[in-house]
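A short write-up of the structure that comes next.
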Amino acid sequence: MRNISLAAALLFAGAASVSISGPAKPAKTSAETTGVIAELTGCKTLTADAARLACYDQAAAKLAAATASGEVKVLDREDIRATRRGLFGFDLPKLPFFKGDDSAKDTPEELDTVVKSIQAAPYGKFVLTMEDGAVWATAEPLPRDPKVGAMVHLNKGALNNYFMKVGSMRSVRATRVR
């Protein structure tokens, strides 16, 4: 769960934002940005046109190399929306590199999906795997057995609760397992 949260947090750094990953680097705030991004933004301080252009060319080449090697990831808003949708049901920690991130408004409050597989659990409860790979467990018994291919409506409730409605059955509390 911790790896998922960390990976998700890195993916959510913001629209067209950059996260720098590597061994044992502490999280940086925007005021402490270093590395290839700092080099690129530092070029704007040069006043001579030729020097500024040369600086931008060199910094852009380093940024392209860092992006190609995976050291730097650049995400657009659609990537962030898709990732937030895929992580629906998980609580992500508050991390320093989310500061100023307004993409949280792209987090869905509800989601419609389809049951791919079903595993019975004790006391009338079920573990449902959805077509997108998400696995949800009902916290309450369902009135009848769900069927593969059934439509599922998930919505966020108060206090980090989630509710699942399978087909035309009543809503029950559910928890995202993975």
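For the numbers below, each heavy atom of this structure counts, side chains included, while hydrogens, waters and symmetry mates do not.
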In a table with atom names and distances, give each donor-acceptor pair under 3.5 Å that connects a side chain of residues 143-155 to protein atoms at least two apart or in another chain.
| unit_1 | atom_1 | unit_2 | atom_2 | d |
| --- | --- | --- | --- | --- |
| Arg144 | NH2 | Ser168 | OG | 3.2 |
| His153 | ND1 | Asp112 | OD1 | 2.5 |

- Query: Taking the hydrophobic residues Ile, Leu, Val, Met, Phe, Trp and Tyr, and joining any pair whose side-chain heavy atoms are under 4.5 Å apart, which ones share a cluster with Leu46?
  - Reply: none
- Message: For residues 53-63, which residue pairs pass the side-chain hydrogen bond (donor to acceptor under 3.5 Å, both in side chains) check, not counting sequence neighbours?
- Response: Glu39-Lys62
- Name all residues meeting the side-chain hydrogen bond (donor to acceptor under 3.5 Å, both in side chains) criterion together with Glu110; count only those two or more places apart in sequence or in a different chain, and write none if there are none. none
- Item | Atom pair CG/OG1 of Asp132 and Thr113 - distance to nearest 0.5 Å | 4.5 Å
- Item | Lys/Arg-Asp/Glu bridge criterion (N-O < 4.0 Å) met for Arg173, Glu140 | yes
- Task: For residues Arg178 and Arg176, report the shortest heavy-atom separation together with the two atoms involved.
- Result: O-NE, 2.8 Å
- Hey, could you give me the NZ/CG distance between Lys116 and Leu128, rounded to the nearest 0.5 Å? 13.5 Å
- Tightest non-hydrogen contact, residues Ala60 and Leu40, listed as N-CD1, 4.3 Å
- Note: with side-chain heavy atoms under 4.5 Å as the link, the other cluster members for Phe163 come out as none
- side-chain contact (heavy atoms from CB on, under 4.5 Å) involving Thr138 - partner list, sequence neighbours excluded: Lys125, Phe126, Leu142, Met164, Val172
